[in-house]
There are 2 protein chains.
Amino acid sequence: MKITIADIARKAGVSKATVSRVLNNRPEGVGPETRQRIQDIVRETGFQPNSLARCLATGKSASVGVIIPDIVNPYYSLLVRGAEDTLKKAGYSLFLCNSDHNIVKEKEYVTVLIEKGVDGIILDSAESDCDCQLELLDDENIPYVLVDRIIEGPAKYPGVYVDNRQGGRLAASYLLSKPGSSLLFINGPLDYSQSRDRQNGVEDIVRENGLAESSVRIVYGDFSIESGYRLTKDLLSNHHPASFGSFPFTAIFTANDLMAVGALRALKKAGISVPEQVEIIGFDDIELATLVDPPLSTVSQPAFEMGARSAGMLCQMMAGRRPRTKTITLETNLIFRGTTRCKESGKNCFSVPGH
Amino acid sequence: MKITIADIARKAGVSKATVSRVLNNRPEGVGPETRQRIQDIVRETGFQPNSLARCLATGKSASVGVIIPDIVNPYYSLLVRGAEDTLKKAGYSLFLCNSDHNIVKEKEYVTVLIEKGVDGIILDSAESDCDCQLELLDDENIPYVLVDRIIEGPAKYPGVYVDNRQGGRLAASYLLSKPGSSLLFINGPLDYSQSRDRQNGVEDIVRENGLAESSVRIVYGDFSIESGYRLTKDLLSNHHPASFGSFPFTAIFTANDLMAVGALRALKKAGISVPEQVEIIGFDDIELATLVDPPLSTVSQPAFEMGARSAGMLCQMMAGRRPRTKTITLETNLIFRGTTRCKESGKNCFSVPGH
DNA sequence: TTGAAAGCGCTAACAG
DNA sequence: CTGTTAGCGCTTTCAA
């Protein structure tokens with residue numbers, strides 16, 4: 001950071017103000033040949049303005065913070081990618097922050113980001129019942145948009161979500177459509193709003209179709225492959241030992257793909273064929289879903305788009321415009337692959353046999 | 001960004017300088033009770049110093065840029081995670097930049113980062129024969145460390161790499177250890193230094209053991225699952241059609257895990273059993289490697305550690321110390337899983353049968 | 001059309 | 001121990 005605007009001004013025999021004007025492409029206030037001369041000098045010298053100084057002067061930093069639980073999780077890395085792409089187009093840089101699902105780290109990051117003078121924040125919060133970070137942001141008047149995880153509170157916060165309840169409905173409604181079907185729902189921890197919503201979705205279906213309570217059993221994993229495996233295996237061994245090769249449910253729905261992969265593995269190991277004997281539907285549609293054998297049917301979440309949309313919304317807010325809508329809810333989609341008997345969304349998979 | 005150091009100073013009845021001293025925990029120069037009083041006021045008011053202003057004054061920004069090809073690739077996200085963790089500990093924030101393997105974008109980002117006043121840059125470069133970005137950095141006297149990809153040039157650049165040649169040797173030496181073995185090496189594009197090095201490694205083994213040239217065949221994919229699949233399939237169908245269920249090589253080595261997954265799939269589809277008929281070794285050790293069936297044996301790269309080490313090195317440089325070593329080369333490891341007949345590193349898998 | 005000057009919020013000598 | 005005084009590099013009135 002050697003050469004400054006003052007150097008350019010001196011070389012061009014003008015004032016810093018004039019140089020600043022051409023640097024910022026202000027149409028008025030500079031004669032064409034003066035402008036040209038300055039531009040030439042800038043090019044020759046390879047001068048790069050110090051954006052820190054500019055930010056100090058203007059009060060905006062052209063950077064935003066993105067706080068997510070963990071970039072290593074493909075769902076979040078896709079989301080971040082979506083955000084970065086649209087942010088870059090709008091001229092913003094991105095501070096990446098991994099909270100590890102830890103509300104303390106999350107708050108630390110919010111503080112750091114405020115100090116850095118970010119113009120806005122995209123927050124995938126670690127906790128759904130705590131809005132103290134948001135108070136900070138509100139105090140400082142820094143725009144933010146929530147993503148993925150809903151924070152409950154008196155006020156409605158701007159955010160981009162996916163319709164998790166609808167996703168739950170989609171899966172349950174397919175899996176329970178055939179008479180006599182029964183469902184094992186491996187959900188995530190209930191302190192995630194996503195888990196609660198998805199569960200509401202499957203309960204909707206049970207209720208709306210007047211199904212017996214016993215037709216669905218809900219257990220809780222921790223979103224890991226291992227927990228999906230273990231929970232499924234537990235049911236296999238607790239089941240009557242004589243019935244090796246059978247399973248007490250006709251289908252499994254899991255709150256993410258990783259647990260579905262675990263369940264699939266447990267079933268295969270027990271000699272139960274998928275989807276012939278048991279159908280499986282996951283949630284997320286990560287790349288891995290297409291790579292297991294058979295490829296996993298799943299409820300897809302548009303992670304990239306969520307990142308992009310939240311960034312777009314934030315840009316609006318940073319530009320001073322109130323966004324058109326305070327929250328955006330994206331659709332989920334049921335993707336039929338190899339773990340459901342129905343293989344394509346095109347066919348009418350929901351029709352009850354015999355009708 | 002409302003309340004400033006001047007406000008605090010006024011409230012405490014001292015000068016800005018004094019407030020600055022306690023803010024920065026300078027031990028000397030402030031009386032204990034003055035210090036206490038100021039700290040109290042800071043706490044009450046929830047004052048957060050503007051780090052932009054601080055940076056302008058000190059000339060350092062406490063942030064570094066990380067440029068990688070694509071955060072969606074699990075290898076890079078792990079690397080970034082490693083960097084972030086150690087950077088955070090040292091008090092730095094991280095600007096994330098995805099270059100998409102595009103040298104133009106990469107240069108853009110280098111420029112942006114310089115303007116942002118980053119204290120340093122970690123660069124996983126998109127091109128191995130272009131060092132013009134580095135000139136920029138050198139001009140500005142901004143420390144940087146290269147990672148993963150070697151940039152050739154007159155000077156040796158500071159960097160953290162993995163011993164790709166050694167990785168190639170490891171795989172080839174196992175795969176070619178048995179008499180009569182032959183190897184299909186599915187490499188990546190040769191304009192990647194990694195590809196060249198890995199190829200050198202397998203060629204080393206051929207030469208050192210006096211094997212026939214024909215014992216290894218090299219083809220080139222693009223690191224995608226699809227290319228691994230296609231390249232393997234080509235060899236299957238070009239092979240004598242009558243010999244369905246056989247393969248012209250006893251083993252496959254691929255330059256990354258994704259292509260190995262593709263190869264595995266092609267083989268399975270052709271009814272060739274892995275590892276009984278053909279052994280496979282990949283490269284990288286991404287999570288997916290453990291999830292395919294059978295789980296993939298592979299040469300592991302310590303992505304997280306590479307990120308962490310490069311960050312550590314950069315911190316040294318940013319602190320003004322020359323790092324102990326200019327380049328760090330990390331070891332690769334051969335991980336035996338299900339696609340090799342040998343299943344554990346513990347056993348002497350390299351012994352020639354009959355000895 | 002251009003320049004002078006006053007900051008943006010903080011740090012860092014240098015004096016008291 | 002504490003205050004004064006300059007800046008850091010750029011933007012932005014307000015005059016000229």
For A/Tyr75 and A/Asp148, does a side-chain donor sit closer than 3.5 Å to a side-chain acceptor?
yes
Cation-pi geometry met for A/Lys60 and A/Tyr92 (6.0 Å, 45°):
no
So does A/Lys11 pair up with A/Asp7, basic N to acidic O under 4.0 Å?
no
Rounded interatomic separation in angstrom, taking CZ from B/Arg54 and C1' from D/dG9
18 Å
Shortest side-chain distance from B/Ser15, nucleotide among D/dC10, C/dT2, D/dT4
D/dT4
Could you state the atom-to-atom distance from CD of B/Glu140 to C1' of D/dG9 in whole Å?
14 Å
Atom NZ of B/Lys16 and atom C1' of C/dA12 are separated, to the nearest Å, by 12 Å
If you look at every strand shown and take non-hydrogen atoms under 4.0 Å, does A/Thr58 touch a base, only sugar-phosphate, or nothing?
sugar-phosphate
Answer yes or no: does a side-chain N or O of B/Thr18 lie under 4.0 Å from OP1 or OP2 of D/dT2?
no
Do you see a donor-acceptor pair shorter than 3.5 Å between the side chains of A/Glu106 and A/Asn102?
no
Between B/Arg37 and A/Ala53, which is nearer to the 5' end of DNA chain D once each is assigned its nearest nucleotide?
B/Arg37
Parallel, tilted or perpendicular: which fits the ring planes of B/His101 and B/Tyr76, with parallel below 30° and perpendicular above 60°?
perpendicular
Taking OP1 and OP2 of C/dG9, is either one under 4.0 Å from a side-chain nitrogen or oxygen of B/Thr4?
no
Would you tell me whether A/Gln48 and B/Thr111 have side-chain atoms, one donor and one acceptor, within less than 3.5 Å of each other?
no
Lys/Arg-Asp/Glu bridge criterion (N-O < 4.0 Å) met for A/Glu305, A/Arg309:
yes
Of the nucleotides C/dA12, C/dG3, C/dG9, which has the atom closest to the B/Asn50 side chain?
C/dG9
From CZ of A/Arg35 across to P of C/dT2 the rounded distance in Å is 9 Å
Any idea which of C/dC10, D/dC10, C/dT2 is nearest the A/Glu33 side chain?
C/dT2
To the nearest Å, how far apart are A/Ile38 CD1 and C/dG3 P?
8 Å
If you only use heavy atoms from C-beta on, which nucleotide in C/dT2, D/dT2, D/dT11 is closest to the side chain of A/Thr34?
C/dT2
How close or far is atom P of D/dT13 from atom CG of A/Asn24, stated in whole angstroms?
13 Å
Using atom names, set out every protein N or O paired with an N or O of nucleotides 14-16 of chain C below 3.5 Å, distance rounded to 0.1 Å.
none

Distance in angstrom units between A/Glu115 CD and C/dC10 P, rounded
10 Å
Hey, does A/Arg26 reach any base, or is it just sugar-phosphate, or nothing, if we go heavy atoms under 4.0 Å?
sugar-phosphate
Within the structure shown, what part of the strands sits under 4.0 Å from B/Val14 by heavy-atom distance: base, sugar-phosphate, or nothing?
sugar-phosphate
Rounded to whole Å, how long is the line connecting atom CG of A/Leu56 with atom P of D/dC8?
13 Å
Would you confirm whether the ring centroid of A/Phe223 sits within less than 6.0 angstrom of the ring centroid of A/Tyr192?
yes
